[in-house]
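Take a look at the structure set out below.
So that the names make sense, note that chain A is the first sequence line, chain B the second, and so on, each numbered from 1. Computed from a predicted structure; not experimentally measured.
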There are 2 protein chains.
Amino acid sequence: MELFSRSGFHAVSLRDIAAHAGMTHAGLLHHFPGKDELLIQVLTRREELAFTQAYDPDDPPALTLSKHLDQLALNMRTPGLVGLFVKVSGEASDPAHPAHDYFVQRYRTLRAGTAELLRTLFAQATPPVEHDPDAVAQQLIALVDGLQTQWLLDPDNVDMRASVVAYLTQLGLDA
Amino acid sequence: MELFSRSGFHAVSLRDIAAHAGMTHAGLLHHFPGKDELLIQVLTRREELAFTQAYDPDDPPALTLSKHLDQLALNMRTPGLVGLFVKVSGEASDPAHPAHDYFVQRYRTLRAGTAELLRTLFAQATPPVEHDPDAVAQQLIALVDGLQTQWLLDPDNVDMRASVVAYLTQLGLDA
DNA sequence: GTCTATACGGGGATAGAC
DNA sequence: GTCTATCCCCGTATAGAC
């Protein structure tokens with residue numbers, strides 16, 4: 001995770017990673033079938049960590065939203081990892097890519113969870129928001145992903161949190 | 001362009017490309033200093049083509065907007081190329097990447113042009129739209145980029161054009 | 001100016017010894 | 001479970017033919 005985050009996927013060799021773990025690259029490949037699979041496991045692990053830290057089913061919906069916004073700010077500490085997700089989710093669009101199924105599933109789950117959260121928030125807002133939670137969920141996730149791309153390239157000219165809050169306000173939610 | 005679009009940047013070798021052009025890889029490298037630079041020139045070329053086809057300074061702003069929406073639909077014919085842009089814009093977040101400056105400049109130009117278009121459209125709308133054109137431009141571009149990521153992974157569950165139109169309608173523009 | 005031939009270092013992956 | 005040795009392909013650089 002450390003090396004991929006710092007330098008990206010292709011810039012790091014299995015020999016680098018193995019050396020940091022005190023092995024040769026062949027030894028590393030005993031534990032992982034290939035570099036791609038190693039990457040997927042790193043990404044999966046990372047997302048599980050972030051999720052279990054941020055999500056608590058006992059939280060009220062408004063707090064969950066606020067925690068997700070904080071997570072956005074936190075991500076800005078690790079541009080390497082953010083870039084890795086952006087890059088790999090692009091690569092993974094190829095159905096033959098080893099991470100393809102993982103990412104397809106990831107976005108479906110993400111959309112469903114976000115839509116569920118929005119449904120509650122829309123109903124609780126005063127006045128209630130009339131938009132379709134599923135459509136907004138897709139837009140919201142797209143907005144965050146796209147902002148990350150722009151922010152990675154030009155950090156000083158992009159304020160991800162502010163832009164997302166503006167979008168939510170525009171919908172009629174106070175974030 | 002064809003090969004990069006089909007398989008992505010790293011999956012294609014200079015030897016592949018050269019073979020398709022009826023040369024050896026060394027011959028190819030006579031015309032391009034390296035693989036990275038070849039990629040940049042392909043991307044630049046592609047964007048110039050799309051731009052000069054779609055943009056006419058004599059068009060009224062509403063037509064320009066509509067043409068851009070059509071371009072979105074057109075992009076859905078070449079998922080490889082869309083994926084390439086997504087992928088490379090992620091890679092290029094590294095300041096050492098050969099396409100870094102190109103992409104930073106691309107997004108600045110894109111934001112400025114979009115903001116300008118939105119400024120006019122906002123003023124002409126009935127009633128006039130009160131949002132900040134610069135902020136909306138950033139959101140709009142992010143939305144399109146993010147939708148592309150989701151669409152690449154799961155084409156059947158993402159309608160890029162509809163989502164963008166919904167966003168514009170939300171703002172108070174009829175697209 | 002255009003290209004081929006060739007070589008170098010490094011990458012991911014595999015086979016088999018310990 | 002980890003190693004060494006090896007394989008083949010990659011991007012790149014150079015020398016030289018036409």
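- Between B:R45 and B:E48 there is no salt bridge, since no side-chain N of the basic residue sits under 4.0 Å from a carboxylate O of the acidic one.
- In this structure, A:H10 atom NE2 and C:dG10 atom P are separated by 19 Å, rounded to whole Å.
- Between the CZ atom of B:F9 and the P atom of D:dG11 there is a distance of 8 Å, given to the nearest Å.
- Note on A:T24: a base of the nucleic acid sits closer than 4.0 angstrom, heavy atoms only.
- To the nearest angstrom, P of D:dC9 lies 16 Å from NZ of B:K35.
- At the phosphate of D:dC9, neither OP1 nor OP2 sits under 4.0 Å from any side-chain N or O atom of B:S13.
- Remark: the A:R15 side chain and the C:dG10 base include no donor-acceptor N/O pair separated by less than 3.5 Å.
- When rounded to the nearest whole Å, the span between CD1 of B:I17 and C1' of D:dT12 equals 14 Å.
- Among the heavy atoms of the strands lying under 4.0 Å from B:L29 is at least one base atom, whether or not backbone atoms are also near.
- At whole-Å resolution of the value, NE2 in B:H25 and P in C:dT2 are 18 Å apart.
- Of the two residues contacting DNA chain C, namely A:P33 and A:A11, the nearest-nucleotide position lying further toward the 5' end is that of A:A11.
- By the 30° and 60° cut-offs, the orientation of the rings of B:F4 relative to B:F9 is tilted.
- Note on A:L14: only backbone sugar-phosphate atoms sit closer than 4.0 angstrom, heavy atoms only; bases stay farther off.
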Before giving the answer on side-chain contact (heavy atoms from CB on, under 4.5 Å), spell out for A:T169 and A:D174 the whole-Å C-alpha distance, their side-chain angles and the decisive distance to 0.1 Å. CA-CA 5 Å; A:T169 307; A:D174 43 338; over 6 Å; no
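- In this structure, the side chains of A:T149 and B:F103 stay at 4.5 Å or more apart for every pair of heavy atoms.
- Taking for each of A:M23 and B:V12 the nucleotide of DNA chain D with the nearest heavy atom, the 5'-most of the two is the partner of A:M23.
- Residue A:L28 contributes atom CG, which lies 11 Å from atom C1' of C:dG12 at whole-angstrom precision.
- Residue A:L38 contributes atom CG, which lies 12 Å from atom C1' of C:dG12 at whole-angstrom precision.
- Counting heavy atoms from C-beta on, the side chains of B:M23 and B:H31 come closer than 4.5 Å.
- For D:dG1, one of the phosphate oxygens OP1 or OP2 lies less than 4.0 angstrom from a side-chain nitrogen or oxygen of A:H30.
- Scanning atom types as modelled, no donor and acceptor separated by under 3.5 angstrom connect the side chain of B:H31 and the base of C:dT2.
- Atom-to-atom, CZ of B:F4 to C1' of D:dG11 comes out at 12 Å; the value is rounded to the nearest Å.
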